[in-house]
Amino acid sequence: MSTVTIKKLTGEELFKNIISHCKEYGFIFQSSEIYDGLSAAYDYGQQGAELKKNLRDYWWKSMVQLHENIVGIDAAIFMHPTTWKASGHVDAFNDPLIDNKDSKKRYRADVLIEEYISKIEAKIRKEVDKASARFENFDETMFLSTNPRVLENQKKIDEINVRFKSALEENNLEEVKQIIIDLEITCPVSGTRNWTDVRQFNLMFSTQVGSVSEDSSTIYLRPETAQGIFVNFLNVQKTGRMKIPFGIAQTGKAFRNEIVARQFIFRMREFEQMEMQYFVKPGTELEWYEKWKQTRINWHRSLGFPDNKYRFHDHIKLAHYANAACDIEFEFPFGFKELEGIHSRTDFDLKSHEVFSGKKQQYFDPEDNENYIPYVVETSIGLDRLFLATLSQAYAEEILEDGSSRVVLRIPPFLAPYKVAVLPLLKKDGLPEKAREILDRLKFDHLCIYEEKDSIGKRYRRMDAIGTPLCITIDHQTLEDNMVTIRDRDTMLQERISIEQLSAMVNDKVSLHNQLMKLC
Ligand code: ATP
C-alpha cells in the first residue's frame with residue numbers, strides 16, 4: 001500500500017467540510033433550498049437516501065431477523081389525540097427555554113448547564129491524559145480518587161448535578177435560572193449574562209383533521225414512534241401469539257418543534273427514529289435493561305469505528321416514565337452527544353393507555369398462570385444521528401505519496417451507497433459493451449454505478465468521495481483474457497481477477513450477510 005498522510009482537521013473544520021461534501025456529492029440538501037431553505041429540515045439526495053436505507057436495513061435486520069422474538073410494525077404518524085394525553089406528552093413534553101436579552105438568541109436552559117458540566121469533565125479528562133502520559137504504570141482509578149484538582153472539579157460537578165436534578169424534579173424554573181446565573185454562564189453570541197426567565201415550551205406540532213372547521217379536531221404529529229407500538233401491543237401479541245419476553249420494532253418519522261435546531265442533521269424538527277420496545281415480566285426489567293445496553297453497544301462497535309468514540313451517559317433526571325435510563329453517546333465533530341437512548345420505561349405507558357382507553361392492556365402469562373401489565377425496556381436511536389456519526393467517522397482528507405490529494409469516505413462497505421463502480425477504460429473499442437455485460441451480472445445483487453466519462457484517475461477519486469468500496473476497470477486486455485482490474489477504495493491496491501470470480505469477490509467484501517454473522 002502506498003503511504004498516505006491523513007490531514008488533521010479540527011472538529012469545526014471536519015464538521016464544516018462534511019456539510020459541504022454532503023451537498024456537493026448528493027448526500028444531503030437543505031430542504032426547499034430554492035426558497036432559501038427551511039431551518040432544521042433536510043432532504044437526503046441520491047447517495048444519502050441509499051446510505052440511510054442501508055443503515056435502517058442493518059438496524060432492522062439485526063433486531064427483527066436475528067431475534068426470533070422481535071417483530072416489526074409500521075404504525076401511522078397520526079394517532080388519536082388521547083394517545084398523547086395518556087403518554088404524558090401533552091402535559092410534560094416540554095423543554096425549558098431561556099433567551100439572552102442582548103443577542104435575542106434562544107437556548108435550552110438544561111443544555112446550557114449540561115455544556116458547562118461537560119467543560120469541567122473535559123478538564124478532568126485533560127488532567128488524566130497528562131498524567132497517564134507522564135507515568136508508566138498509571139492507575140487511572142487511583143488518580144481520579146486522589147488528585148486534588150480532579151477531586152475539586154468532581155465536587156463542583158456533583159454539586160451542580162444535585163441542584164439541577166432537584167430543580168428539574170420540582171419543576172422549579174426560577175432555580176434553573178439561578179443555577180445559570182450562579183455558574184456565570186454567558187451567551188456565546190453576546191457574551192453577556194442578561195437572561196430572561198426560564199419558561200417551559202411544548203415540543204409537539206399540532207394540526208387539524210377534518211375538512212369543515214366545526215368538525216375538525218386538533219391532532220399531533222407524533223414526537224416519538226414508541227406510542228404506535230404501545231397502542232398495538234395487544235394486537236401484535238395476540239395475532240402473533242407472542243410470549244413474554246418479546247419485542248416490537250419500528251422505524252419512522254418523528255416531529256419535534258425543537259427550540260434550538262442547529263448542528264445540521266443532529267437536531268432536526270423532522271427526523272427518523274428506530275425504536276424497539278421489549279416487553280418483559282415485572283421485576284426482570286433491570287436485568288433486561290443491562291442486557292440491552294450491552295447488545296446495543298456491541299451493535300455500534302460492529303460498525304468498526306474506534307471504541308473510544310462511544311460512551312454511556314447515565315441519566316441523573318429520569319423521565320416521568322422511567323426507572324433507569326442512559327444514552328449511548330458518540331463523539332461527533334462537536335463533542336460527545338447522544339446517539340441512542342436506552343430506557344427502562346416500567347409499565348407506565350401500557351398502564352396509562354389502559355386508564356385512558358378503558359381497555360385492558362394485560363398479558364396472560366401461561367407459565368405463571370397470572371395476568372399482568374408487562375414492563376418495557378426501550379432502545380431508541382435516531383437514524384439521522386447515526387448517519388452523521390457514520391459520515392464523521394468515514395470522512396478523511398488524504399495526501400497521497402505523489403503529492404496529490406483525495407477525499408475518501410471510508411464507509412463500512414456493506415453500508416456504502418454504491419457497492420461497485422464499473423468503469424470502461426475508454427469509451428470505444430467494445431470496452432463499454434464489455435463493461436455493461438459485467439454490470440448486468442452484478443446489478444441483481446448490488447447497487448452498481450456505471451461511469452465512462454473523464455480519465456480513470458478522476459473517476460477513482462469521484463468513487464472515493466462517495467465511498468464506493470470497489471472499482472472494476474475494463475481495458476483492452478479484458479477483451480482477450482476475461483480479466484478485469486479491481487481497485488480497493490481504502491488501500492487503493494489494484495489486482496487482476498477473472499470475470500468469473502467477480503461475483504464471489506464482491507459479495508465477500510460488501511455483503512450484509514457477512515456483517516450480520518459478526519453479531520451472532
Ligand atoms: P436530546 O436530549 O438530544 O434532545 P432526547 O433525549 O430528547 O434527545 P429521545 O427522546 O431519547 O431523545 O429520542 C431517541 C433518539 O432520537 C435520540 O437518541 C436521537 O438519536 C433521536 N433524536 C431525538 N431528537 C432528535 C432531533 N431533534 N433530531 C434528530 N434526532 C433526534
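Start at 1 and go down the list; that is how both ligands and their atoms are numbered.
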Whether Ser190 side chain and Asp102 backbone form a donor-acceptor pair below 3.5 Å: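 Flag not set: sc Ser190 to bb Asp102 has no pair under 3.5 Å.
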
Glu397 side chain to Lys7 backbone, donor-acceptor under 3.5 Å: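 Looks like no, no N/O pair under 3.5 Å.
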
Check: Glu258 N/O within less than 3.5 Å of ligand 1 N/O: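 There is such a contact, yes.
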
Identified ring pair (Phe, Tyr, Trp, His ring centres under 6.0 Å) partner of Tyr44 from the options Phe27, Phe29, Phe387: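 Of the listed residues Phe27, Phe29, Phe387, the ring pair (Phe, Tyr, Trp, His ring centres under 6.0 Å) partner of Tyr44 is Phe387.
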
Quiz item: cation-pi between Arg269 and Phe255, 6.0 Å / 45°: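 Judged by the rule (NZ or CZ under 6.0 Å from the ring centre, within 45° of its axis), Arg269 is not positioned above Phe255.
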
Cationic N near anionic O, under 4.0 Å, Glu354 to Lys351: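 Between Lys351 and Glu354 there is no salt bridge, as every charged N stays at least 4.0 Å from the carboxylate O atoms.
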
Salt bridge present between Glu258 and Arg267 (N-O < 4.0 angstrom):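 Arg267 and Glu258: salt-bridged.
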
Proximity flag His343 to ligand 1, non-hydrogen atoms under 4.0 Å: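 Yes, that is the case, since the closest heavy atom of the residue is under 4.0 Å from the ligand.
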
Close approach, Leu339 and ligand 1, non-hydrogen under 4.0 angstrom: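 The answer is yes: ligand 1 sits under 4.0 Å from a heavy atom of Leu339.
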
Looking at [atom], what's its closest protein heavy atom, distance included?
atom	value
atom 11 (O) of ligand 1	Glu338 OE2, 3.4 Å
atom 13 (O) of ligand 1	Gln273 NE2, 3.3 Å
atom 19 (C) of ligand 1	Arg385 NH1, 3.5 Å
atom 28 (N) of ligand 1	Met268 N, 2.9 Å
atom 14 (C) of ligand 1	Ser380 OG, 2.9 Å
atom 10 (O) of ligand 1	Arg256 NH2, 2.9 Å
atom 4 (O) of ligand 1	Arg267 NH1, 2.8 Å
atom 21 (C) of ligand 1	Gly382 CA, 3.6 Å

Part of Arg108 with heavy atoms under 4.0 Å of ligand 1, whether side chain, backbone, both or neither: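 The side chain, only.
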
Ligand 1 contact on Glu275 by region, counting heavy-atom pairs under 4.0 Å: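 It is neither part, as no heavy atom is under 4.0 Å.
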
Approximate separation, where rounding is to 0.5 Å, of [X] [atom1] and [Y] [atom2]:
X	Y	atom1	atom2	answer
Tyr375	Asp347	OH	CG	4.0 Å
Cys520	Leu66	SG	CG	4.5 Å
Ile297	Trp292	CD1	CH2	14.0 Å

Glu340 neighbourhood, listing ligand 1 atoms whose heavy-atom distance to it stays under 4.0 Å: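 Near Glu340, meaning under 4.0 Å from one of its heavy atoms, ligand 1 has 18 (O).
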
Numbered atoms and elements of ligand 1 in range of Gly341, under 4.0 angstrom, heavy atoms: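 Contacts of ligand 1 toward Gly341, numbered from 1: 18 (O).
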
Residue pair Trp60 / Gln250: nearest heavy atoms and the distance that separates them: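 Taking Trp60 first and Gln250 second, the nearest heavy atoms are CZ3-CA, 4.1 Å.
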
